[in-house]
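First up is the structure itself, then whatever we jot down about it.
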Amino acid sequence: MRLLLTSGGVTNPSIRRALVEMLGKPIEDSTALFIPTAQYGHPSCTPEVTLRSASSDWSMTALGWKSAGLLELTALPSMEGERWVPWVEQADALLVDGGDATYLAHWIRRSGLFTLFPRLERTVWVGVSAGSMVMTPRIGAEFERWTSPEPGEGTLGVVDFSLFPHLDYPDFPENTLAHAERWAEHIDGPAYAIDDQTAIRVVGEDVDVISEGHWKRLE
């Protein structure tokens with residue numbers, strides 16, 4: 001897949017232009033599925049938060065898509081694949097919201113979505129916070145709030161770097177660059193600290209930063 005890994009979503013014109021380039025056509029001509037699953041694994045998320053994230057004016061579903069639907073991964077094991085797999089394969093973008101990255105990774109695997117990844121070569125994965133972190137090899141103890149029932153199960157490791165989101169976010173006073181640098185000391189491999197005006201774009205082997213804000217690569 002093509003990955004647009006963000007901290008806060010499509011929050012500025014630069015990230016929006018990157019999304020359009022990755023889609024290869026206007027958003028108005030593209031279809032999307034919104035995945036809220038990560039929210040159910042995070043203690044700060046409530047049903048009200050989940051509804052707002054899916055339907056508010058600032059939601060990723062409100063970018064002007066030709067059509068947008070909701071895909072709940074926890075429901076998929078109870079459905080026949082022949083029903084839901086075409087929904088995923090036909091979508092131009094998967095909009096994957098934040099919450100708990102470990103919980104999200106568990107359900108990406110258990111739902112069967114992970115097995116589809118090799119077939120989604122043209123699909124754009126737009127992650128927000130945990131929806132981005134789930135693609136990394138590890139997230140660090142600071143972000144591990146949910147424990148998987150599967151021993152040793154972690155995030156997906158689709159990319160080879162880790163992410164520290166919401167850098168300098170006003171409501172998260174602990175998310176300073178100094179904190180991110182301490183976090184990175186315990187992360188095996190490269191990492192990026194990014195604010196809500198920044199995204200990491202991954203297309204094949206190419207990785208670049210799209211930003212109208214603040215970010216830092218951490219070794």
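In this chain, residues are counted from 1 in sequence order.
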Does the pair Val158 and Met1 meet the rule for a side chain to side chain contact (heavy atoms under 4.5 Å, CB included), with working shown?
CA-CA 10 Å; Val158 174; Met1 281 184 292; over 6 Å; no
Min side-chain heavy-atom separation [X]-[Y] under 4.5 Å:
{"X": "Met133", "Y": "Thr155", "result": "no"}
{"X": "Ser132", "Y": "Ile200", "result": "no"}
{"X": "Asp195", "Y": "Asp168", "result": "no"}
{"X": "Val88", "Y": "Leu113", "result": "yes"}
{"X": "Trp65", "Y": "Leu95", "result": "yes"}
{"X": "Trp125", "Y": "Leu120", "result": "no"}
{"X": "Ser30", "Y": "Lys66", "result": "no"}

CD-CG distance between Glu142 and Asn175, expressed to the nearest 0.5 angstrom:
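Answer for the CD-CG pair, Glu142 versus Asn175, is 10.0 Å.
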Atom pair CE (Met22) and NZ (Lys25), whose distance is rounded to the nearest 0.5 Å: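 That separation rounds to 14.5 Å.
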Closest approach of [X] to [Y] (non-hydrogen atoms, all atoms of both residues):
{"X": "Asp57", "Y": "Ala62", "value": "O-CB, 3.4 Å"}
{"X": "Thr176", "Y": "Pro173", "value": "CG2-O, 3.4 Å"}
{"X": "Trp84", "Y": "Ser111", "value": "CZ2-O, 3.3 Å"}

Please work out whether the ring planes of [X] and [Y] are parallel, tilted or perpendicular, with thresholds of 30° and 60°.
{"X": "Trp215", "Y": "Tyr192", "result": "tilted"}
{"X": "Phe117", "Y": "Phe114", "result": "perpendicular"}
{"X": "Trp146", "Y": "His106", "result": "tilted"}

With no hydrogens and no angle check, is any side-chain donor or acceptor of [X] less than 3.5 Å from a backbone partner on [Y]?
{"X": "Ser7", "Y": "Ser129", "value": "no"}
{"X": "Ser162", "Y": "Ile139", "value": "no"}
{"X": "Trp58", "Y": "Arg52", "value": "no"}
{"X": "Arg138", "Y": "Asp188", "value": "yes"}

Exercise. Would a hydrophobic clustering, with Ile, Leu, Val, Met, Phe, Trp and Tyr connected at side-chain separations under 4.5 Å, put Val85 with Trp87?
Worked result: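 Val85 clusters together with Trp87.
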query: Do Leu163 and Ile210 sit in the same hydrophobic cluster, where Ile, Leu, Val, Met, Phe, Trp and Tyr count as joined when their side-chain heavy atoms come under 4.5 Å apart?
result: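 In one cluster: no.
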ask   = Is there a side chain to side chain contact (heavy atoms under 4.5 Å, CB included) between Trp107 and Ile35 once you walk through the steps?
value = CA-CA 11 Å; Trp107 281 103; Ile35 299 175; over 6 Å; no
- Do Asp92 and Val124 pass the side chain to side chain contact (heavy atoms under 4.5 Å, CB included) test, and can you show the C-alpha distance, the side-chain angles, and the key distance before you say yes or no? CA-CA 6 Å; Asp92 295 305; Val124 181; over 6 Å; no
Between Leu19 and Leu4, is the side chain to side chain contact (heavy atoms under 4.5 Å, CB included) condition met? List the steps.
CA-CA 7 Å; Leu19 173 58; Leu4 189 62; 3.9 Å; yes
Regarding Glu72 and Thr37, do their side chains bring together a donor and an acceptor under 3.5 Å, going by distance alone?
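Yes.
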For this session: Verify the distance criterion only: is there a donor paired with an acceptor across the side chains of Ser14 and Glu212 at less than 3.5 Å?
Result: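 Judged by distance alone, the side chains do pair up.
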Exercise for review: Taking only Lys NZ, Arg NE, NH1 and NH2, and the carboxylate oxygens of Asp or Glu, determine whether Glu150 and Arg110 approach each other closer than 4.0 Å.
Suggested key: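 The answer is no: the pair does not qualify as a salt bridge.
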More than 12 foreign heavy atoms under 6.0 Å from [atom1] of [X]: is that the case here?
{"X": "Glu121", "atom1": "CD", "value": "no"}
{"X": "Glu80", "atom1": "CD", "value": "no"}
{"X": "Arg122", "atom1": "CZ", "value": "no"}

